[in-house]
Amino acid sequence: MTTLTHLDLDGVHALSWGGGGSPVVLVHGLDGSAANWIGVGQELASEHRVLALDLPGFGRTPLGRHRSGMTAHADLVARVTRAWLGTDEPVAIAGNSMGGVVTALAAARHPGLARKVTLVASAVPRAGSARIDASMLPAAASLWLPGAGTAIAGARNATPPQERVRSLLELCVPPGVVGSLPQEAVAEMVAVAEQRDRRDHVRAWGRSARSLWGWLARRGAFHAEVDRIDAEGLLLSGALDPIIPTSSSAAFADRHPGWAWTALDGVGHVPPLEAPQATAAALR
């Protein structure tokens, strides 16, 4: 039986599971936290050392003086991974939703960090061939309006923690699934929502969202980063993902033929919560 441990790695909160074997690092999405990965961590810990971290301003990690754009998150993931291991041993790294973009940038910009990269229901550019995705520009631009990101995140934080978590999950998973999600993970998500600094989270959400939309709008720049990754690559999608269209995942797979692509039947946008066993099996 593995033990869930809370760690502080250079001011970054993370969850770790006891065990040996090759290391695995897990990165959450926008408005998520390390808690999203609890079921996957439990599944993998019998064979691997597993770390799931809270990005600054999310989960239990304070924003403080951290920056919260995608490249800053990617650099932090690399730094925390090295601090955790104490060596330059390459890791398997996986990211869900926004965490997929962070994971791709970390692997691309830190050669030797990753031996395998898995993008789990990852945010990817929409289907299309142009270098700039004009359809995403209005959403990206709206977040750059003064106070827009703060207002959106502030409204999300105005509801009670349990209601906030449930509303977020209902946006991400197929109808009727929320009640069957792992209770330990959901309870940790609620505890995180109760304890985190609201101002920190509002700032981090707005800055991260602007940066994320900027990367997705610039298709060419994003794909160029993925092309730099010198590691085995897997795109793991949810066949019923209400946020990332299957056509976009297919376009990513076409653009990067060296990557494997697998879709999980009956699964939405958060495979680590909805199907931890299947997600862990794919990561293996």
Side-chain angles (χ1 to χ4, degrees), residues 23-32 34 36-37 40-41 44 50-53 55 70-71 73-74 76-78 81 90-110 113-127 133 136 172 208 211-264 267-276 278-284:
V24 179
V25 175
L26 307 170
V27 186
H28 64 79
L30 187 67
D31 228 3
N36 295 38
W37 293 99
V40 174
L44 291 176
V50 186
L51 184 81
L53 57 89
L55 296 172
M70 296 300 99
T71 55
H73 285 326
L76 179 135
V77 167
T81 296
V91 303
I93 181 170
N96 175 217
S97 190
M98 177 190 79
V101 175
V102 173
T103 291
L105 293 174
R109 295 178 173 228
H110 297 272
L113 174 69
R115 59 180 175 80
K116 179 176 182 179
V117 177
T118 305
L119 308 185
V120 182
S122 177
V124 292
R126 291 188 183 183
D133 182 354
M136 286 193 173
C172 296
S208 294
S211 178
L212 174 63
W213 280 100
W215 274 101
L216 297 182
R218 296 178 296 133
R219 288 195 190 105
F222 178 81
H223 288 308
E225 293 288 341
V226 174
D227 285 338
R228 294 170 57 188
I229 297 173
D230 185 18
E232 178 185 355
L234 169 66
L235 177 64
L236 182 65
S237 303
L240 298 180
D241 192 329
I243 295 176
I244 305 299
T246 302
S247 59
S248 297
S249 297
F252 177 95
D254 288 342
R255 176 63 179 74
H256 304 283
W259 284 60
W261 176 32
T262 299
L264 299 177
V267 176
H269 189 57
V270 198
L273 276 173
E274 301 169 67
T279 302
L283 295 183
R284 291 191 184 99

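Only heavy atoms go into these numbers, but all of them, side chains included; no hydrogens, no water, no symmetry mates. Quick note: residue numbers are just sequence positions, from 1.
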Taken in chain and number order and not counting sequence neighbours, the residues that satisfy ring pair (Phe, Tyr, Trp, His ring centres under 6.0 Å) with His269 are none

Quick check: Trp261 with Phe252 (ring centres under 6.0 Å apart)? no

Any donor-acceptor N/O pair, Ser249 side chain to Ser237 backbone, under 3.5 Å: no

Let me confirm one number: the CG-CG distance from Leu283 to Leu234, rounded to the nearest 0.5 Å. 7.5 Å

Does the side chain of His73 come within less than 4.5 Å of Val27's, by heavy atoms? no

Using a 4.5 Å cut-off on heavy atoms from C-beta on, say whether the side chain of Thr246 contacts that of Asp241. no

Nearest non-hydrogen partners of Phe222 and Ala123, listed with the distance: CZ-O, 4.3 Å

Just so I know, are the side chains of Pro245 and Arg126 near enough to count as touching, which here means a heavy-atom distance under 4.5 Å? no

Residue pair Trp259 / Leu235: nearest heavy atoms and the distance that separates them: CE3-N, 4.1 Å

Salt bridge (Lys or Arg N to Asp or Glu O under 4.0 Å) with Arg109: which residues, sequence neighbours excluded? Glu225

Please give me the minimum heavy-atom distance between Ala52 and Trp37, naming the atom from each residue. CB-CB, 4.0 Å

Ile229 CD1 to Leu119 CG distance, which is reported to the nearest 0.5 Å: 6.5 Å

For the CE atom of Met98 and the OG1 atom of Thr103, what is their distance to the nearest 0.5 Å? 9.5 Å

Asp227 meets the side-chain contact (heavy atoms from CB on, under 4.5 Å) criterion, sequence neighbours left out, with Arg255, His256

Closest heavy-atom contact between Ala106 and Leu113? O-CD2, 3.8 Å

Test item: Asn96 side-chain N/O and His28 main-chain N/O as donor-acceptor pair under 3.5 Å: no

Is there a donor-acceptor pair under 3.5 Å between the side chain of Glu232 and the backbone N or O of Val117? no

How long is the span from the CG atom in Leu236 to the OG atom in Ser122, to the nearest 0.5 Å? 10.5 Å

Measuring only between side-chain heavy atoms, which start at C-beta, is Met70 closer than 4.5 Å to Leu212? yes

Would you check if Val77 and Val102 make a side-chain contact, meaning some heavy-atom pair closer than 4.5 Å? yes

Report yes or no: does Arg228 contribute a side-chain atom to a donor-acceptor pair with the main-chain N or O of Ala224 at less than 3.5 Å? no

Minimum heavy-atom distance between Cys172 and Val270, given as atom pair plus value: CB-CG2, 3.5 Å

OG/Ser248 to CD1/Ile243 distance, rounded to the nearest 0.5 angstrom? 12.5 Å

Would you name the heavy atoms of Lys116 and Ala231 that are closest together and state the gap between them? N-CB, 4.1 Å

How about Leu26 and Ile93: do any of their side-chain heavy atoms sit closer than 4.5 Å? no

Heavy atoms, side chains only, cut-off 4.5 Å: are Val24 and Leu51 in contact? no

Interatomic spacing from CG in Leu55 to OG in Ser208 - rounded to 0.5 Å: 7.5 Å

